[in-house]
Every structure is written in structure tokens, then in C-alpha cells.
Amino acid sequence: KTKIAVLISGRGSNMQAIIQAAKSESYPAEIVVVVSNNPDAAGLEYAREAGIETEVVDHREFETREEFEQALDAVLKLYDTRIVCLAGFMRLLTPWFTERWRDLLLNIHPSLLPAFKGLHTHERALEAGVRIHGCTVHYVRPEMDDGPIIGQAAVPVLPDDTPDTLATRVVTAEHKLYRQCIALACSGKARVAGSRVRLQVREFGAELLM
Ligand code: GAR
């Protein structure tokens with residue numbers, strides 16, 4: 001199994017979905033540590049109760065982003081981490097970190113990239129009047145919410161949606177998408193080729209169109 005770290009800042013529902021998936025013998029990833037930049041992240045408690053190692057690297061305790069990221073990097077190395085999964089990790093990472101973990105760093109973003117990079121994606125999707133919305137898992141590049149796409153899941157936008165109802169539908173799709181994309185990355189079936197990911201699977205994604 002590939003040793004992965006999951007980085008969170010808050011609720012950690014994607015982390016929970018990954019923990020559940022990783023319980024299966026056949027899942028190709030093993031979570032060696034959950035790291036949060038926020039000591040009060042609710043997800044930390046869930047991880048501890050699931051018997052997973054947790055670490056806090058509080059960004060407020062460091063003078064610079066680089067020092068914070070060096071501490072984060074040291075923790076990841078300590079656990080012999082091979083792949084890092086950002087799961088609602090709300091700190092921007094500098095090129096120093098993203099290049100160090102190039103092609104080994106995954107992110108989930110709550111929109112169909114390249115649409116709606118950044119924050120408040122559900123409000124902006126409603127504002128734009130799109131009929132289809134969703135989520136994306138991609139390898140991280142220095143530019144925010146950019147990088148080779150591993151997978152996407154789409155959900156409909158319904159006439160009475162509010163940002164909250166839409167967010168709930170998207171996050172349910174995120175849980176399925178992320179565990180599948182992590183499995184692909186950890187089993188070498190989603191390799192970066194130039195600016196894209198070459199998938200070594202016959203069928204992927206159809207079941208994610210919900
Ligand atoms: C998720 O919707 C994730 O896609 C988003 O934050 C939420 C975290 O929820 N990530 C970003 O916006 C990254 N910029 P969770 O803590 O319950 O997994």
C-alpha cells in the first residue's frame with residue numbers, strides 16, 4: 001500500500017471518506033498521518049478515534065510561509081509519506097512546497113475546473129446560472145487550483161438550490177471522487193504526461209455523474 005498523508009483545516013468529511021475507503025484490504029493507500037494547520041479542526045478528533053496518527057502544524061506559530069511549510073514537510077517525511085492529499089486544507093502553498101511534492105500532491109476543489117477557481121464556488125456557480133456543477137481532483141501546481149486533472153464528478157444545479165443545498169450535493173460527490181482518484185494515483189494508473197493525466201483505466205467517471 002502507498003503511504004499517504006491527508007491534510008485538513010476543518011470538518012474533514014473528505015478525510016472521513018478516505019479513512020473509510022482505506023479500511024478495505026484491496027484499497028491501494030494507507031493513511032499514515034492526518035495533519036492539520038488548525039488545532040481546532042473537527043476532523044482531528046475523528047481521525048484519532050479511527051486510530052490514525054494526527055499532527056498539528058499551526059501556521060500561526062511561524063514567521064513565514066516557508067518556515068511553516070518546512071515544518072509541514074518535516075512531519076510528512078517523518079511518517080515516510082509518499083503521496084499528500086489536500087482535503088479542505090485552506091492554506092495556499094508556495095512553489096517551494098508544491099515543487100518539492102510535484103506529481104505527489106493531490107487537491108480536491110469544489111467546482112468543475114477550470115471554472116470557479118478560488119473560494120465561494122457554490123455561490124458563484126449559482127450566480128453564473130450554470131446548470132451543471134461539481135468537483136475536481138487534480139495534481140497541484142504552483143498556480144492556485146491549477147494542475148493536471150485526475151477526475152471530475154458532475155452534479156445538477158436545481159432551480160431551488162441555495163449555496164448550502166448545492167454544497168451538500170457536491171460534497172457527497174467529492175467523497176466518491178476523491179477516494180477513486182487517490183486509488184488511481186496510488187496504483188500508478190493516473191500518471192502525469194505533460195499538462196495532463198494519462199489514465200490507465202478503461203472506464204472511469206460514468207458512475208460519478210450523479
Ligand atoms: C470541500 O468541499 C473541499 O472541496 C473544499 O473545502 C471543503 C472541505 O470539506 N476545498 C476547498 O475549497 C479548497 N480550496 P471537508 O473538510 O468536509 O472535507
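Just the heavy atoms: all of them, side chains too, but no hydrogens, waters or symmetry mates, feed the values below. For ligands, and for the atoms within them, numbers begin at 1 and follow the listed sequence.
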Examine the side chains of N37 and S9 and answer whether a donor and an acceptor come within less than 3.5 Å of each other. yes

Nitrogen or oxygen atoms of V171 and ligand 1 under 3.5 Å apart: no

Give me the atom names and distance for the closest heavy-atom approach of G43 to M15. O-CE, 3.3 Å

Ignoring hydrogens and angles, state whether a donor on the side chain of H133 or S111 is under 3.5 Å from an acceptor on the partner side chain. no

In terms of residue, atom name and distance, what is the protein heavy atom nearest to atom 7 (C) of ligand 1? G88 CA, 4.4 Å

When you measure from atom 16 (O) of ligand 1 to every protein heavy atom, which one gives the shortest distance, and what is it? G12 N, 2.7 Å

To atom 14 (N) of ligand 1, the nearest of M90, M144, H175 on a heavy-atom basis is M90

N or O contact, N14 vs ligand 1, cut-off under 3.5 Å: yes

Are T64 and E67 linked by a side-chain donor-acceptor pair shorter than 3.5 Å? yes

Which residue supplies the protein heavy atom nearest to atom 9 (O) of ligand 1, what is that atom called, and how far is it? R11 NH2, 3.3 Å

Any luck finding a side-chain donor-acceptor pair between W101 and D73 under 3.5 Å? yes

Compute the shortest N/O to N/O distance between D145 and ligand 1 and return yes if it is under 3.5 Å, no if not. no

Quick check on contacts: which atoms of ligand 1 are under 4.0 angstrom from a heavy atom of E174? 1 (C), 2 (O), 3 (C), 4 (O)

Going by the angle between their ring planes, with limits at 30° and 60°, are H59 and F68 parallel, tilted or perpendicular? perpendicular

Below the 3.5 angstrom mark, is there an N/O of S13, backbone or side chain, next to an N/O of ligand 1? yes

Is the closest heavy-atom distance from I108 to ligand 1 below 4.0 Å? yes

Verify whether one side chain among T2 and E30 offers a donor that lies under 3.5 Å from an acceptor in the other. no

